[in-house]
Amino acid sequence: MWEAIQSNKRKSVLLIVMLALVLAALGGAIGFYIQPHYPEDGIFFGVIAAMIVWIVMLLISVAGGERILLASAGAHEIKYDDAPQLFNIVEEMKIASGLPAMPRVFIIDDHVPNAFAVGLKPERAAVAVTTGLMSKLTRDELQGVIAHEIGHISNRDTLFMTMAGVTVGAVIIIADLFLRGLFYSSLAGGRRRSSSKDGGQGQIIILVVSLVLAILAPLLAQILYFATSRKREYLADASAAQFTRYPEGLASALEKISAGQSKEYKKSRTLAPMYIVNPMAASGKAVGLFSTHPPTEDRIRVLRGMSSGSSLAEYEKAFRTLHRDAGVIGANNLKASEEKGIRQPQAEKVEHKKSLRDIKDVLHKAAGYGLLTCVCGLKMKIPPNFEHKKVKCPRCKRVYDVPVEFLAATAAADQSQQK
Amino acid sequence: MGLIIVVAVLVILVVWIIGMYNGLVRLRNQVKNAWSQIDVQLKRRHDLIPNLVETAKGYMKHERETFEEITKARSQAIQANSVSDKSKAESELSGALSRFQLVVENYPDLKANQNFLSLQEELTTTENKVGFSRQFYNDQVLKFNTRIESFPTNIMAGMFGFTQSDFFEIETPAEREVPKVKF
């Protein structure tokens, strides 16, 4: 496992170095354009400025990247008592993968099933799932999804893909600013061009070169980033099969998740590569240079092709039979792989009634809401700062006392806030 | 010049031996750490059983033998000390518990009991955790034992008294039995 992480690390560092080179080239080209009379100075300052933007963005993402991502996805942290099964599954996968610490668990209030993981270090990672995912999947399937996310954490994808994503972001922002600046300055009458008296032709060549770089750099950066992202998805699938020893769990979960994606689902572009199934992809069949994920059908077929084992080697074999080209796992990962066999499915002995509504209650409880069930069957959610001692059922108009322990909890929360 | 070469070779040799020794210590600690993880899960399982039996007893009046078997296997598992003894006792306990889970199917009232439901989730997850931490432990043991056996680390291991660790095997009926086809 350690050797595999080392090899992944080298490749990811290479990717980030390449992205940084693209960024530096872009900065240099812009500097050259701005200072055509002193090209050395222009290129030098352009590169330095681009690197400063990059480092500032990296520092921000290291300092609070996880929090920003989780908050922008609308994720709420939950405790063990809120959802014991989910917690148990995360802990099982933590043990299977040998992570050093238990990841934090988050729930997103959304009927569309999906999940993602964040964490620059395995010691402070987090897993987030939507309420839709919890309500639609069986225990085995949920285990497969969590294993895939933990796979991203233990393969260090959450670290490197965040850093690569930030670099791509820097390239896009700088190129965008430059092109906009160019557009507005040409609108303003091309002051720069009139001021240059010597060699109008050289000026035009410089303009064309920097323009081409400004347009190509973001595309190049994104192609590099997404190609790596797709490979990482396969690798995380393989890790999930290895951790759970049950590839079918993830396969049928992926089937349900991709069937559950709805078109009106709007999520930020930056988060898209992190989800288990890309929420932005419409059908998920075609794979282009700009796909963050491999087509889900293909991932399912590879997982179902693992007939005789659950190791990374078996995944590689199944992948090669389907694609007839180079594998995805990498020689170093394969060396660390060991066959453990496929386990029996966990027959769902007791059909857990997991309605979406029950899981939403979990969310409300985590947010500090109190629940009061009326005789008529209606569940009333009492907000955390509820001040009245009585509450009336909106359906049958019965009046209830607000439970004492809940009032006490509210008072305690108030006091701690006042402190 | 010659002296410098001799000293350099000696220094490299010493650094190499220190590295080898520290590598062995690190692996041995990983084995110990992995074992303590299994131990935590086994203890949890032992603690869970009295609760489970107590809840199920009221519903399952005709399954005295199943309960006796579980209770006996549990007390044996608690008393076991060495890794190989524990392997055996825990295998038996796993077998008894999976037989219990099969019998539960015949008692719909019990399956509707909320308390029992959460106990059963606890049992499932504990069984899984025992399984996964056992895998992890055995991986570490394999690494450690391979290192001890291979040259030249085996000389070091002999000198400093590193001995091979035992694997922890639990045979559960589900994994042992070949699926039977009935006609």
Side-chain angles (χ1 to χ4, degrees), chain A residues 1-4 80-102 138-140 142-144 146-147 150 154 239-246 249 310-312 335-354 358, chain B residues 23 26-27 30-31 33-34 36-41 44 48 97-98 100-143 146 172-179:
Chain A
M1 199 63 207
W2 179 244
E3 293 81 4
Y80 178 86
D81 290 330
D82 298 329
Q85 194 183 53
L86 181 65
F87 249 82
N88 284 334
I89 291 172
V90 174
E91 200 180 343
E92 284 164 24
M93 289 302 108
K94 176 231 154 196
I95 294 170
S97 62
L99 279 189
M102 176 77 180
T138 65
R139 194 179 201 285
D140 273 338
L142 200 56
Q143 197 186 43
I146 299 291
I150 301 268
S154 77
S239 303
Q242 189 195 24
F243 294 156
T244 57
R245 293 195 296 136
Y246 188 59
S310 61
S311 63
L312 296 181
K335 234 189 290 168
S337 132
E338 228 182 294
E339 188 51 71
K340 302 243 168 54
I342 294 184
R343 71 168 167 80
Q344 300 284 313
Q346 264 158 13
E348 210 79 351
K349 298 244 164 54
V350 182
E351 219 28 76
H352 291 276
K353 263 203 192 148
K354 291 193 293 186
D358 288 345
Chain B
R26 204 193 61 209
L27 281 177
Q30 277 173 359
V31 169
N33 184 27
S36 67
Q37 275 192 29
I38 296 188
D39 228 27
V40 169
Q41 300 308 331
R44 261 183 61 150
L48 199 62
L97 282 173
S98 70
F100 167 75
Q101 298 232 14
L102 281 179
V103 178
V104 166
E105 288 299 290
N106 304 330
Y107 296 87
D109 286 354
L110 179 60
K111 289 202 299 184
N113 182 325
Q114 206 59 40
N115 194 14
F116 181 73
L117 275 184
S118 61
L119 277 174
Q120 203 172 29
E121 163 61 26
E122 280 295 297
L123 188 63
T124 311
T125 187
T126 311
E127 294 284 299
N128 284 351
K129 283 171 194 163
V130 169
F132 290 129
S133 50
R134 183 172 65 90
Q135 256 176 44
F136 188 67
Y137 169 79
N138 284 345
D139 283 354
Q140 302 300 328
V141 169
L142 184 71
K143 250 190 235 164
T146 316
T172 56
E175 282 174 18
R176 190 173 42 196
E177 272 169 29
V178 181

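Quick caveat: nothing in here was measured; it's all calculated off a predicted structure. Residue numbering restarts at 1 for every chain, and letters A, B, ... go by the order of the sequence lines.
With hydrogens and angles left out, the side-chain atoms of A:Glu91 and B:Thr125 include no donor and acceptor closer than 3.5 Å.
Separating the CD atom in A:Gln85 from the OG atom in B:Ser118 is a distance of 11.5 Å, to the nearest 0.5 Å. A distance of 5.5 Å separates CG in B:Asn128 from CZ in A:Arg139, rounded to the nearest 0.5 Å.
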(message) Applying side-chain contact (heavy atoms from CB on, under 4.5 Å) to A:Asn88 and B:Lys129, what does each step give before you reach the verdict?
(response) CA-CA 9 Å; A:Asn88 284 334; B:Lys129 283 171 194 163; 3.5 Å; yes
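Evaluation of the salt bridge (Lys or Arg N to Asp or Glu O under 4.0 Å) rule for B:Arg26 yields no partner, not counting sequence neighbours. Partners of A:Ala147 under the side-chain contact (heavy atoms from CB on, under 4.5 Å) rule, at least two apart in sequence or in another chain, are A:Met93, A:Ala240, A:Phe243, A:Thr244.
The two residues B:Glu122 and A:Tyr80 make their nearest non-hydrogen contact at OE2-OH, 2.5 Å. Scanning all heavy atoms of the two residues, the minimum distance from B:Phe136 to A:Gly98 falls at CE1-CA, 3.7 Å.
With a threshold of 4.5 angstrom between heavy atoms, B:Gln140 does not approach chain A through any atom at all.
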